[in-house]
**Student:** 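Take a look at the following structure, please.
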Amino acid sequence: MAGKVVTPGLIDLHAHVFDGFTRSGVHPDLAGVYAGVTTIVDAGSAGSATFAGFTRHIIPNCHTEIIPFLHICQTGLATMPDIVAESSIDLGDTLDVLGRHKGLIAGIKARMVSPALEIMGMEMLRLAKR
């Protein structure tokens with residue numbers, strides 16, 4: 001077949017597929033299997049307070065494999081800016097959600113941007129690393 005490409009399924013390493021929960025979220029299958037992408041890494045759209053939306057509404061209702069990162073901010077990208085005070089981060093709750101979803105959550109996302117950097121500095125990165 002001329003003009004066609006045959007390839008193994010593609011992997012999108014940075015997407016936001018928390019559709020309906022964040023303004024930047026797209027439907028996983030539109031960015032995924034309908035576009036030749038079999039696996040999408042969600043780059044921390046959800047935080048500890050919003051992650052249940054992934055397991056209840058996003059992952060069970062799509063055909064694309066999703067590998068989520070957990071945002072260090074409790075609300076993830078549902079609020080922008082995400083980190084507006086030190087209280088935006090609840091390390092205990094983050095670790096609890098991470099523990100409950102071991103094997104699903106691939107890592108912790110910390111957006112090193114303003115105003116988070118001015119508020120938290122490198123402490124945000126240290127918390128995410130913990």
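Just so it is clear, the model here is predicted, and its values are computed rather than measured. Starting from 1, each residue takes its place in the sequence as its number.
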**Student:** On a heavy-atom basis, which atom in S45 and which in V17 lie closest, and how many Å separate them?
**Tutor:** OG-N, 4.0 Å
**Student:** Would you check, one step at a time, whether the test side chain to side chain contact (heavy atoms under 4.5 Å, CB included) holds for L127 with M120?
**Tutor:** CA-CA 10 Å; L127 288 172; M120 299 288 299; 3.8 Å; yes
**Student:** Main chain of T39, side chain of T64: is a donor-acceptor contact present, judged purely on distance under 3.5 Å?
**Tutor:** no
**Student:** Ignoring hydrogens and angles, tell me if any N or O in the side chain of E123 forms a donor-acceptor pair with the backbone of E86 under 3.5 Å.
**Tutor:**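 Not at all, since once roles are kept as given, no pair shorter than 3.5 Å links the two residues.
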**Student:** Looking only at atom types and distance, does a side-chain atom of N61 sit under 3.5 Å from a main-chain N or O of H57, one as donor and one as acceptor?
**Tutor:**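 Yes, the answer is positive, given that a donor and an acceptor are paired below the 3.5 Å cut-off.
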**Student:** Taking the side chain as everything from C-beta on, heavy atoms only, tell me whether L104 gets closer than 4.5 Å to P68.
**Tutor:** yes
**Student:** Is the side chain of T50 donor-acceptor paired with the backbone N or O of A46 at a distance under 3.5 Å, no angle test?
**Tutor:**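 Between the backbone of A46 and the side chain of T50 there is no qualifying donor-acceptor contact (under 3.5 Å).
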**Student:** Might you point out which heavy atoms bring S88 and D82 nearest each other, and give the distance in Å?
**Tutor:** OG-O, 3.9 Å
**Student:** Between T75 (side chain) and A78 (backbone), is there a donor-acceptor pair under 3.5 Å?
**Tutor:** no
**Student:** Tell me, with the steps shown, if T38 and E65 meet side chain to side chain contact (heavy atoms under 4.5 Å, CB included).
**Tutor:** CA-CA 6 Å; T38 61; E65 178 186 15; 5.8 Å; no
**Student:** State whether the number of non-hydrogen atoms from other residues, nucleotides or ligands found under 6.0 Å of H14 atom NE2 is greater than 12.
**Tutor:**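 Yes, enclosed.
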**Student:** Please tell me whether I66 and F51 are part of a single hydrophobic cluster in this structure, the criterion being side-chain heavy atoms less than 4.5 Å apart.
**Tutor:** yes
**Student:** Compare every heavy atom of F54 with every heavy atom of F18, then report the nearest pair and how far apart it is.
**Tutor:**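 Where F18 meets F54 most closely, the heavy atoms are CE1-N, 3.5 Å.
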**Student:** Would M80 and V113 show up in the same hydrophobic cluster when neighbours are defined by side-chain heavy atoms closer than 4.5 Å?
**Tutor:**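 No, no single cluster joins them.
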**Student:** Can H16 and S24 be counted as having a side-chain donor-acceptor contact under 3.5 angstrom?
**Tutor:**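 The answer is no; no qualifying pair exists.
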**Student:** Give me the atom names and distance for the closest heavy-atom approach of R130 to L95.
**Tutor:**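 Shortest heavy-atom separation between R130 and L95 comes out as O-CD2, 4.4 Å.
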**Student:** Write down the atom of C62, the atom of H27, and the distance for their closest heavy-atom approach.
**Tutor:** CB-CE1, 4.4 Å
**Student:** When you group the ILVMFWY residues by side-chain heavy-atom contacts below 4.5 Å and let the links chain together, are L70 and L91 in the same group?
**Tutor:** yes
**Student:** Output the distance between atom OG (S48) and atom CG (D96), rounded to the nearest 0.5 Å.
**Tutor:** 8.5 Å
**Student:** Which is it for L13 and I11 under the side chain to side chain contact (heavy atoms under 4.5 Å, CB included) test, yes or no, and what are the steps along the way?
**Tutor:** CA-CA 6 Å; L13 295 174; I11 299 171; 3.8 Å; yes
**Student:** If I take atom CD1 from residue I108 and atom CE from residue M124, how far apart are they, to the nearest 0.5 angstrom?
**Tutor:** 12.5 Å
**Student:** Treating Ile, Leu, Val, Met, Phe, Trp and Tyr as nodes and any side-chain heavy-atom pair under 4.5 angstrom as an edge, say whether L125 and I89 lie in one connected cluster.
**Tutor:**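 Yes, because L125 and I89 connect within a single hydrophobic cluster, where side-chain heavy atoms sit under 4.5 Å apart.
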**Student:** Applying the 4.5 Å side-chain criterion to the ILVMFWY set and letting contacts propagate, would V41 and I72 be lumped into a single cluster?
**Tutor:**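 V41 does not cluster with I72.
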**Student:** Just to verify, what does D12 make a side-chain contact (heavy atoms from CB on, under 4.5 Å) with, not counting sequence neighbours?
**Tutor:** A15, V37, I40
**Student:** Which distance, rounded to the nearest 0.5 Å, do you find between the CG of D19 and the CG of L30?
**Tutor:**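 Reported to 0.5 Å precision, the distance equals 8.0 Å.
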**Student:** Please name the pair of heavy atoms, one in L77 and one in R111, separated by the smallest distance, quoted to 0.1 Å.
**Tutor:**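 Reported closest heavy-atom pair: CD2-CD, 3.7 Å.
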**Student:** Roughly how far, to the nearest 0.5 Å, is the CG atom of D93 from the CG atom of L98?
**Tutor:** 11.0 Å
**Student:** Is a side-chain donor or acceptor of D29 paired with a backbone partner of G32 at a separation under 3.5 angstrom?
**Tutor:**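 Such a contact is absent between D29 side chain and G32 backbone.
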